[in-house]
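Beneath this line is the structure, given in structure tokens, with notes to follow.
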Amino acid sequence: MKIKVINIFNTNKKYVTPEILKDANYLIKKMHSEKTYTETTSDFFEKTEVRGLKIKDATFKDGQFLAKRNSKNELIPYGKDSSMLEFGETRLIINNSTGQIIEHKKPFFKTWKSIFSQVRKIITTAVNNYDNDNIVKKIVHHGAGLTENGKIKAANELKNIFDTFKNI
């Protein structure tokens, strides 16, 4: 007698629709186009970049700024070719080139059909209202640092300080 093993957990790969994938890639391109880099002086620079969007109660983020921890507690980045959509108790990490859902967290009794319906509504709302700050809020990262010229000057100053303390 043969025993047939039935897997009660669906382990099939899931993919978002081509429409959702196209719109998600559009959002990523729009976010990247708003990246700015400004040299405030010859020694310092400032940069801003949009890393995510807040669409009502949902969050859409660029995957290049996301990471997960492995078994050794090391951070492993998802990479440039991914994005995350989080709403309610659901989180989807999507491969932006294939549309495959790399990772997901969803309520057990929620169907994939209803999740994809919500995803389509959220992404479409973001695309149609990208410039409307009342609906789509941008998650922006501001950074500043030293230019190459500034690094050289800082290194020379540090060397001078060490040389001064050597003589004491």
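As the structure is a computational prediction, the values presented were derived from the model and not from experiment.
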Is any side-chain heavy atom of Leu53 closer than 4.5 Å to a side-chain heavy atom of Thr59?
-> no
Kindly indicate whether the side chain of Lys153, heavy atoms from C-beta on, has any atom under 4.5 Å from the side chain of Asp43.
-> yes
Listed partners of Asn128 passing side-chain contact (heavy atoms from CB on, under 4.5 Å), at least two apart = Thr124
Hey, does the side chain of Thr90 reach the backbone of Lys106 with a donor-acceptor pair shorter than 3.5 angstrom?
-> no
Taken in chain and number order and not counting sequence neighbours, the residues that satisfy side-chain contact (heavy atoms from CB on, under 4.5 Å) with Lys72 are Asn70, Glu74
Rounded to the nearest 0.5 angstrom, the CG-NZ distance for Asp62 and Lys29 is 13.0 Å
Heavy-atom check, side chain of Leu146 versus side chain of Phe44, under 4.5 Å = yes
Using atom types as modelled and distance alone, determine if a side-chain donor or acceptor of Thr98 lies under 3.5 Å from a backbone N or O of Gln100.
-> yes
Check for a donor-acceptor pair, side chain of Ser114 on one end and backbone N or O of Lys110 on the other, with a separation under 3.5 Å.
-> no
Salt bridge (charged side-chain N to carboxylate O under 4.0 Å, His left out) partners for Asp81, two or more places apart | none
Can you check whether Phe60 reaches Met31 side chain to side chain, under 4.5 Å on heavy atoms?
-> yes
Check against side chain to side chain contact (heavy atoms under 4.5 Å, CB included), Val119 and Lys121 = CA-CA 5 Å; Val119 169; Lys121 286 178 190 172; over 6 Å; no
Contacts of type ring-ring contact (aromatic ring centres under 6.0 Å, His included), residue Phe45, not counting sequence neighbours = Tyr37
Separation of Ile115 CD1 from Leu92 CG (nearest 0.5 Å) = 6.5 Å
ring-ring contact (aromatic ring centres under 6.0 Å, His included) partners of Phe109, counting only residues at least two apart = none
Just jot down the side-chain contact (heavy atoms from CB on, under 4.5 Å) partners of Ile152, sequence neighbours excluded, or say none.
-> Asn156
Lys22 and Glu19 ion-paired at < 4.0 Å | no
Atom pair OH (Tyr15) and CG (Asn95), whose distance is rounded to the nearest 0.5 Å | 8.5 Å
With Thr41 via side-chain hydrogen bond (donor to acceptor under 3.5 Å, both in side chains) - residues at least two apart = none
Excluding sequence neighbours, so at least two apart, what forms side-chain hydrogen bond (donor to acceptor under 3.5 Å, both in side chains) with Arg120?
-> none
Output yes when a side-chain donor or acceptor of Ser117 lies under 3.5 Å from a complementary backbone atom of Lys113, and no otherwise.
-> no
Any ion pair linking Arg51 and Glu49 (charged N to carboxylate O, less than 4.0 Å)?
-> yes
Measure the CD1-OG distance between Ile102 and Ser82 for me, rounded to the nearest 0.5 Å.
-> 5.0 Å
Partners meeting ring-ring contact (aromatic ring centres under 6.0 Å, His included) with Phe116 (sequence neighbours left out) | Trp112
Using atom types as modelled and distance alone, determine if a side-chain donor or acceptor of Asp57 lies under 3.5 Å from a backbone N or O of Gly88.
-> no
Ile139: hydrophobic cluster co-members (side-chain, 4.5 Å) | none
How would you list, by chain and number, every residue that makes a salt bridge (charged side-chain N to carboxylate O under 4.0 Å, His left out) with Lys159, sequence neighbours excluded?
-> Asp163
Check whether any side-chain heavy atom of Met84 sits under 4.5 Å from a side-chain heavy atom of Arg91, and report yes or no.
-> yes
Give, for atom OG of Ser83 and atom CG of Asn25, the distance between the pair rounded to the nearest 0.5 Å.
-> 7.5 Å
For the residue pair Lys138 and Glu34, establish whether any side-chain heavy-atom pair is separated by less than 4.5 Å.
-> yes
Looking only at heavy atoms, what is the nearest atom pair of Ile123 and Asp23, with distance?
-> CG2-CB, 3.3 Å
For Val136 and Asn129 the tightest heavy-atom approach is CG2-O, 3.3 Å
Can you sort out the partners of Lys30 under side-chain contact (heavy atoms from CB on, under 4.5 Å), two or more places apart, ordered by chain and number?
-> Tyr26, Tyr130, Asp131
For the atom pair CG (Leu85) and NE2 (His104), what is the distance rounded to the nearest 0.5 Å?
-> 14.0 Å
With side chains defined as the heavy atoms from C-beta onward, is the minimum distance between Thr48 and Glu46 less than 4.5 Å?
-> no
